[in-house]
Amino acid sequence: MMSIQPLLKGVPGILRPFKEYLETNRFQKGDQVVYYGVPGTCTPFIELLAFAVRGLALDQVFVPYFKEELARPIVFHDGIGMQISTGQVVLFPRAQVIMGGLAMPNVPVTVGDAKSVIAAHSNAAVIGVCFMNMFGKADWLKEIGFNLLIDATIDPVTVSSGTMRE
């Protein structure tokens with residue numbers, strides 16, 4: 001059964017519920033959180049999520065699309081933040097974070113690909129993070145049951161030019 005939490009705002013409204021979920025569900029040092037997302041598009045948001053939980057000492061991993069053979073560690077660099085690194089990773093996720101960019105039109109994956117990866121790690125929690133109801137618009141919510149779904153809205157977007165005076 002889905003429960004809707006109070007309306008949150010801004011970047012903290014995305015990061016705090018994510019961290020609270022991991023803490024409430026007793027994620028511990030060494031537990032692996034695997035983020036599946038579109039390279040470039042989802043990467044900055046994944047690094048923000050990873051930064052928010054860096055103090056939990058989790059093993060965090062980025063997987064482009066659902067290509068687990070390309071999994072890479074996410075590591076903390078002092079003074080920089082969380083960065084996707086190099087090196088091979090063996091996957092044993094306690095949580096799978098599915099990014100909404102994967103559900104966008106023209107991305108070379110399907111909800112079936114998502115379901116296959118979720119089924120391969122059936123003991124892992126499934127967390128969805130999207131913007132503008134992307135999972136709903138792509139009908140993924142009919143196919144995937146998320147343990148936690150964070151859906152943020154970016155509206156309005158204001159664009160200005162020529163704002164500097166000489």
Engineer: Does the side chain of Val117 come within less than 4.5 Å of Gln96's, by heavy atoms?
Structural biologist: yes
Engineer: Testing the basics here: between Val61 and Ala71, what is the closest heavy-atom pair and its distance to 0.1 Å?
Structural biologist: CG1-CB, 3.8 Å
Engineer: So do Leu70 and Pro64 actually touch side chain to side chain, heavy atoms under 4.5 Å?
Structural biologist: yes
Engineer: What distance separates Asp113 CG from Lys67 NZ, expressed to the nearest 0.5 Å?
Structural biologist: 10.0 Å
Engineer: Which heavy atom of Pro17 sits nearest a heavy atom of Pro12, and at what distance?
Structural biologist: CD-O, 3.7 Å
Engineer: Report yes if some heavy atom in the side chain of Arg94 is under 4.5 Å from a heavy atom in the side chain of Gln32; otherwise report no.
Structural biologist: no
Engineer: For residues 144-155, please give each side-chain donor-acceptor pair under 3.5 Å, one per line with the distance, not counting sequence neighbours.
Structural biologist:
unit_1: Asn147; atom_1: OD1; unit_2: Val126; atom_2: N; d: 2.7
unit_1: Asp151; atom_1: OD1; unit_2: Met132; atom_2: N; d: 3.4
unit_1: Asp151; atom_1: OD1; unit_2: Asn133; atom_2: N; d: 2.9
unit_1: Asp151; atom_1: OD2; unit_2: Asn133; atom_2: N; d: 3.3

Engineer: Ignoring hydrogens and angles, write down the donor-acceptor pairs under 3.5 Å from the side chains of residues 74-91, residues two or more places apart or on other chains.
Structural biologist:
none

Engineer: What distance separates Trp140 CH2 from Ile98 CD1, expressed to the nearest 0.5 Å?
Structural biologist: 7.5 Å
Engineer: Show the nearest heavy-atom pair for residues Ile127 and Ala95, with the distance to one decimal.
Structural biologist: CD1-CB, 4.2 Å
Engineer: Report the residues that fulfil ring pair (Phe, Tyr, Trp, His ring centres under 6.0 Å) with Tyr65, sequence neighbours left out, ordered by chain and then residue number.
Structural biologist: none
Engineer: Could you please spell out the steps behind the side-chain contact (heavy atoms from CB on, under 4.5 Å) verdict for Val34 and Glu68?
Structural biologist: CA-CA 10 Å; Val34 179; Glu68 292 187 322; 5.6 Å; no
Engineer: State, yes or no, whether a side-chain contact exists between Leu49 and Leu15 at a heavy-atom distance under 4.5 Å.
Structural biologist: yes
Engineer: Should Leu58 and Val63 be regarded as members of a common hydrophobic cluster, given that ILVMFWY residues are connected when their side-chain heavy atoms come within less than 4.5 Å of each other, either directly or indirectly?
Structural biologist: no
Engineer: Would you give the length of the straight line joining atom NZ of Lys115 to atom OG1 of Thr110, rounded to the nearest 0.5 angstrom?
Structural biologist: 9.5 Å
Engineer: Quick one: are the ring centres of Phe62 and Tyr35 less than 6.0 Å apart?
Structural biologist: no
Engineer: If you measure from CG on Asp31 to CG on Leu56, what distance do you get to the nearest 0.5 Å?
Structural biologist: 9.5 Å
Engineer: Could you tell me which non-hydrogen atom of Gly101 sits nearest to which non-hydrogen atom of Val107, and how far apart they are?
Structural biologist: O-CG2, 3.4 Å
Engineer: So, the side chain of Ser116 versus the backbone of Gly112: is there a donor-acceptor pair under 3.5 Å, distance only?
Structural biologist: yes
Engineer: Measuring centre to centre across the rings, with the benzene-like ring taken for any Trp, is Phe45 within less than 6.0 Å of Phe131?
Structural biologist: yes
Engineer: What is the distance from atom CE of Met134 to atom CE of Met99, rounded to the nearest 0.5 Å?
Structural biologist: 12.0 Å
Engineer: According to a hydrophobic-cluster definition based on side-chain heavy atoms being under 4.5 Å apart (Ile, Leu, Val, Met, Phe, Trp, Tyr only), do Val33 and Leu102 belong together?
Structural biologist: no
Engineer: Taking C-beta and beyond as the side chain, do Ile46 and Val97 meet within less than 4.5 Å on heavy atoms?
Structural biologist: no
Engineer: Nearest 0.5 angstrom please: Phe92 CZ to Asn123 CG, how far?
Structural biologist: 14.0 Å
Engineer: When you measure from the side chain of Asn25 to the backbone N and O of Tyr21, does any donor-acceptor pair fall under 3.5 Å?
Structural biologist: yes
